[in-house]
Amino acid sequence: MFGKGASSSKSMEIIGSEKKISVLIVDDDPIIRKIHSALLSKFTKEIQEVKNGKEAVDLCRSGASFDIIFIDKEMPIMNGLEATKELRAMGVNSTIVGVTSCDLSSERNDFIAAGQNQCYEKPLTIEKIKSLLSELNKNN
């Protein structure tokens, strides 16, 4: 499900949909952030990026909210699992999607236990994004 309302100054829109969404990409790798941002921009009008879990937590703590958060597992300062636990403890109800370079079968339980809704292997692809957005639209 999408989280409630986005307070980001910009909003995102799924092409062909009336639902405007906001998305946050959390990854320490600038190339991955750029790839994911470019892919998501085919479906949305707004994407915000940060480079670690602490920045994501601080952003949400400052009042920003997002419908979807794509978050890497392994990052310096605060990893994706720690950040997800902190976000959930703060009451963040965004859809949180783990994105990992590790084997999904070994990571999935850790992601879900931390409070994430889904997990995908890096890098995201158009097909993965379409599938996720389609599933989220069905649940709304």
Side-chain angles (χ1 to χ4, degrees):
M1 274 198 276
F2 289 122
K4 292 182 181 171
S7 62
S8 179
S9 60
K10 301 177 197 169
S11 64
M12 302 179 80
E13 183 175 28
I14 299 172
I15 293 175
S17 171
E18 295 176 16
K19 171 70 177 163
K20 292 185 178 183
I21 61 169
S22 57
V23 173
L24 177 63
I25 298 171
V26 186
D27 201 299
D28 60 319
D29 185 335
I31 295 170
I32 291 293
R33 286 195 312 267
K34 188 170 191 162
I35 291 168
H36 290 172
S37 183
L39 290 171
L40 284 161
S41 71
K42 296 179 187 307
F43 303 96
T44 65
K45 291 186 177 180
E46 196 322 292
I47 298 163
Q48 194 157 352
E49 302 173 18
V50 295
K51 62 184 180 242
N52 62 59
K54 183 179 182 323
E55 289 183 4
V57 169
D58 290 346
L59 190 60
C60 290
R61 189 172 279 131
S62 73
S65 65
F66 302 92
D67 295 301
I68 305 173
I69 299 172
F70 290 94
I71 191 165
D72 184 23
K73 182 180 179 190
E74 298 297 327
M75 296 178 287
I77 302 174
M78 181 184 282
N79 71 38
L81 298 178
E82 293 167 340
T84 298
K85 289 175 185 174
E86 183 73 21
L87 290 168
R88 293 301 190 212
M90 292 166 43
V92 171
N93 62 354
S94 306
T95 294
I96 302 179
V97 179
V99 185
T100 180
S101 57
C102 301
D103 180 86
L104 282 178
S105 61
S106 64
E107 299 287 323
R108 187 166 190 75
N109 290 339
D110 290 340
F111 279 114
I112 301 306
Q116 295 178 0
N117 303 88
Q118 292 274 0
C119 61
Y120 291 102
E121 194 168 356
K122 282 184 186 179
L124 291 175
T125 63
I126 290 290
E127 292 76 24
K128 290 175 188 174
I129 293 168
K130 281 181 182 178
S131 174
L132 175 66
L133 295 178
S134 174
E135 183 178 323
L136 291 172
N137 274 335
K138 285 180 196 173
N139 291 334
N140 258 354

Handout entry: Derivation and outcome, side chain to side chain contact (heavy atoms under 4.5 Å, CB included), residues I31 and K34
Key = CA-CA 5 Å; I31 295 170; K34 188 170 191 162; 5.6 Å; no
Closest heavy-atom contact between [X] and [Y]?
X    : Y    : result
N52  : P76  : CB-O, 3.4 Å
L24  : A56  : CD2-CB, 4.0 Å
L132 : Q118 : CD1-CG, 4.2 Å
L59  : Q48  : CD2-NE2, 3.6 Å
E55  : K51  : OE1-N, 3.0 Å
I126 : F43  : CD1-CE1, 3.9 Å

Exercise for the section: Please assess F70 against V26 for the test side chain to side chain contact (heavy atoms under 4.5 Å, CB included), listing each intermediate value before the final yes or no. Expected result: CA-CA 6 Å; F70 290 94; V26 186; over 6 Å; no
Problem - Partner set under salt bridge (Lys or Arg N to Asp or Glu O under 4.0 Å) for R61, not counting sequence neighbours - result: D58, E86
Would you say that [X] contacts [Y] through its side chain, given a criterion of any heavy-atom pair below 4.5 Å between the two side chains?
X   : Y    : result
K73 : D110 : yes
I35 : L124 : no
H36 : E49  : no
L87 : S94  : no
I32 : I25  : no

Handout entry: Gap separating the NZ atom of K130 from the OG1 atom of T125, nearest 0.5 angstrom
Key = 9.5 Å
Practice task
Report the distance from atom CD1 of I77 to atom CD of E82, rounding to the nearest 0.5 Å.
Solution key: 11.5 Å
When you measure from the side chain of [X] to the backbone N and O of [Y], does any donor-acceptor pair fall under 3.5 Å?
X    : Y    : answer
N117 : I96  : yes
Q116 : G98  : yes
D67  : S22  : yes
S131 : E127 : no

Handout entry: I68-I112 co-clustered via ILVMFWY side chain contacts under 4.5 Å
Key = no
Problem - Counterpart residues, side chain to side chain donor-acceptor pair (under 3.5 Å), relative to K122 (two or more places apart) - result: D27, D72
Practice task
Evaluate whether atom NZ of K54 has more than 12 neighbouring non-hydrogen atoms of other residues, nucleotides or ligands under 6.0 angstrom away.
Solution key: no
